[in-house]
Number of protein chains: 2
Amino acid sequence: MLDQPTDAAACASAPLAGGLDLDDAVALAQTLKALADPARLRLLSLIAGSSTGEACVCDLTGPLGLSQPTVSHHCKVLVDAGFLTREKRGVWAYYALIPGALDSLSGVLSSTGAPGGPTATSAARA
Amino acid sequence: MLDQPTDAAACASAPLAGGLDLDDAVALAQTLKALADPARLRLLSLIAGSSTGEACVCDLTGPLGLSQPTVSHHCKVLVDAGFLTREKRGVWAYYALIPGALDSLSGVLSSTGAPGGPTATSAARA
DNA sequence: CCGAGGCATCGACAGGCGTCAATCTCCCGG
DNA sequence: CCGGGAGATTGACGCCTGTCGATGCCTCGG
């Protein structure tokens, strides 16, 4: 231990009161973690590049080179993170991306560089 | 085998040629993964909120509640990802964030929703 | 020249995450 | 009513990563 006397502020000066609360940091990290995967990024890109703006699982397993359960798992993660919507039509499940979800995330990232930003606390959470 | 005759395109229609290459997806995922951590997000926020725009390790261990090696590890990850710069002044190492790094990432995320976007291929890589 | 202190690195451990094979459920066509 | 097929779920395995304790390096003050 060796305790920590009054010379704790040895190097810098400001007490460094961070603008990001721990709870908010965890939420934002979870949203980012949903995107921080090559398979999920390509999955979003595939759906975004589709002509109809939606795609079913059986069409995604081919281009991604992944098995069906894996694709289903990634879709579930993206739906849970608020990036995709799931619509069951007959036997097939069609996934479409929610417009604005990525935009709000971009706004949060840009506001990080601005000290005392507006409302970065409760964003990326439509 | 049951083979797969011409009914391969059973559900959808388009061959779904994704705009994101696998190599590009891996690179973007690695950049996002550097941010997808509560400790690193708070670390960036602390440095951004600092009056001088920079902070040394010994000042970050306190607010983050992490040990010194852990903070040093996170700083290394962020420097390697291109979000922070490391400047050794005397005994102390001062970290400052690179302006524009988060902005370019925001641009990439926004362009994902635009089919046939501009240059999302080689971004977030200053 | 030598001691002290801040930072980076190493080794180890626990937890989470991505992936697949196997199985189950649900819906449609005949 | 029954068979087939698409998707979701479960269980297991392996890898990656966050965390800490211990140690080494490097710089500054005396």
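Since this is a predicted model, take the numbers as computed values, not measurements. Chain letters run A, B, ... following the sequence lines, proteins first and then strands; every chain starts at 1.
If Val71(B) and Thr70(A) are placed on DNA chain C by their nearest nucleotide, the residue sitting closer to the 5' end is Val71(B). Where Tyr95(B) and Ser67(A) meet DNA chain C, the nucleotide closest to each residue was compared, and Tyr95(B) sits on the side nearer the 5' end.
Inter-residue side-chain proximity for Leu22(B) and Val26(B) is flagged as met; some heavy-atom pair is nearer than 4.5 Å. Contact of the Thr85(A) side chain with the Tyr95(A) side chain is not registered, since no non-hydrogen atoms from C-beta on lie closer than 4.5 Å. Side-chain contact check for Leu84(A) versus Ile98(A): every heavy-atom pair is 4.5 Å or farther apart.
Residue Cys56(A) has its side chain nearest to dG7(D) when only dT19(C), dA21(C), dG7(D) are considered. Residue Lys33(A) places its side chain closer to dC17(C) than to any other of dC17(C), dC7(C), dG18(C). Minimum atom distance to the side chain of Val91(B) is reached by dG6(C), of the listed dG21(D), dG6(C), dC20(C). The Ala39(A) side chain lies nearest to dT19(C) when the options are dT19(C), dG7(D), dT17(D). Listed nucleotides: dC7(C), dG18(C), dA8(D). Nearest to the side chain of Val57(A): dA8(D).
Leu35(B) has its CG atom 15 Å from the P atom of dT17(D), to the nearest Å. Atom C1' of nucleotide dA8(D) and atom CG of Leu84(A) are separated by 16 Å, given to the nearest angstrom. Atom CG of Leu22(A) is separated from atom P of dG18(D) by 15 Å (rounded to the nearest Å). Distance Lys88(A) NZ to dC28(C) C1': 11 Å, rounded to the nearest Å. In this structure, the NE2 atom of His74(B) is 6 Å from the C1' atom of dG18(D), given to the nearest Å. When rounded to the nearest whole Å, the span between CH2 of Trp92(A) and P of dC28(C) equals 10 Å. Counting to the nearest Å, the C1' atom of dT17(D) and the CG atom of Leu32(B) are 16 Å from each other. Rounded to an integer number of Å, the gap from Leu66(A) CG to dG7(D) P is 15 Å.
For dG6(C), neither phosphate oxygen OP1 nor OP2 lies less than 4.0 angstrom from any side-chain nitrogen or oxygen of Arg89(B). At dA8(C), one or more side-chain N or O atoms of Ser72(B) fall inside 4.0 Å of OP1 or OP2 (strictly under the cut-off). One finds no side-chain N or O of Arg86(A) lying less than 4.0 angstrom from the OP1 or OP2 phosphate oxygen of dG7(D).
Across all strands, His73(B) comes closer than 4.0 Å to base atoms (heavy-atom distances). Residue Lys76(A) is in sugar-phosphate contact alone, with no base atom involved, counting any heavy-atom pair closer than 4.0 Å across all strands shown.
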Working for side chain to side chain contact (heavy atoms under 4.5 Å, CB included), residues Leu102(A) and Leu97(A) = CA-CA 10 Å; Leu102(A) 292 173; Leu97(A) 50 82; over 6 Å; no
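One donor-acceptor pair, N or O on each side, does fall under 3.5 Å between the base of dA8(D) and the side chain of Gln68(A).
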